[in-house]
Amino acid sequence: MDFTVLAKGIALAGCGIGAGCALIAGIGPGIGEGNAVAKALEAIGRQPECKGDVTSTMLLGCAIAETTGIYGFVTGLLLIFVAPGMFMNFLK
């Protein structure tokens, strides 16, 4: 019995499931950045004179939080487009 077809199917399924899980990582930064902006707006509303400091700190925090989503997105793309070819070459 030829198990290479089964192995290829399992490898492709693993890549698809892994890519789906990796792309879920975009939810966290979206929620976190929304909360950060809401709190920054509250702070500016309470003390308008500190608008520049709050805005710059918020933008830096949002940029750092966004990297998590970007890492998940890149990982998902690699699992969709690069990893299946590597697995298929390995199983030949």
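Remember, predicted model here, so these are calculated numbers, not experimental data.
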Student: Following the transitive rule for hydrophobic clusters with a side-chain heavy-atom cut-off under 4.5 Å over Ile, Leu, Val, Met, Phe, Trp and Tyr, establish whether Val82 and Val74 coincide in one cluster.
Tutor: yes
Student: Starting from Val54, walk the hydrophobic network (Ile, Leu, Val, Met, Phe, Trp, Tyr; side-chain heavy atoms closer than 4.5 Å) and list everyone else you reach, by chain and number.
Tutor: Ile44
Student: Can you give me the closest heavy-atom contact between Gly72 and Ala25, atom names plus distance?
Tutor: CA-CB, 4.2 Å
Student: Locate the shortest heavy-atom distance separating Gly69 from Pro29; write the atom from each residue and the value.
Tutor: N-CG, 3.5 Å
Student: Minimum heavy-atom separation for Ala22 and Gly76, please, with both atom names.
Tutor: CB-N, 3.9 Å
Student: Rounded to the nearest 0.5 Å, what separation is found between the OG1 atom of Thr55 and the CG atom of Leu60?
Tutor: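 Spacing of OG1 (Thr55) from CG (Leu60) equals 12.5 Å.
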Student: How close do Cys15 and Leu79 get, heavy atom to heavy atom, and via which atoms?
Tutor: CB-O, 3.5 Å
Student: Would you say Leu77 and Ile24 are hydrophobically clustered, going by side-chain heavy atoms of ILVMFWY under 4.5 Å?
Tutor: no
Student: CD1/Ile10 to CD1/Ile17 distance, rounded to the nearest 0.5 angstrom?
Tutor: 10.5 Å
Student: State whether the number of non-hydrogen atoms from other residues, nucleotides or ligands found under 6.0 Å of Met88 atom CE is greater than 12.
Tutor: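 Yes - once you tally the heavy atoms of other residues, nucleotides and ligands closer than 6.0 Å, there are more than 12.
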Student: Same cluster or not: Ile70 versus Ile27, using hydrophobic residues (I, L, V, M, F, W, Y) connected whenever any side-chain heavy atoms lie under 4.5 Å apart?
Tutor: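 No, Ile70 and Ile27 fall in different hydrophobic clusters.
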Student: Does any part of the side chain of Cys50, heavy atoms only, come nearer than 4.5 Å to the side chain of Gln47, both counted from C-beta?
Tutor: yes
Student: Any chance you could pull the hydrophobic cluster mates of Val37, using side-chain heavy atoms under 4.5 angstrom and chaining through other members?
Tutor: Leu41, Met58, Leu59
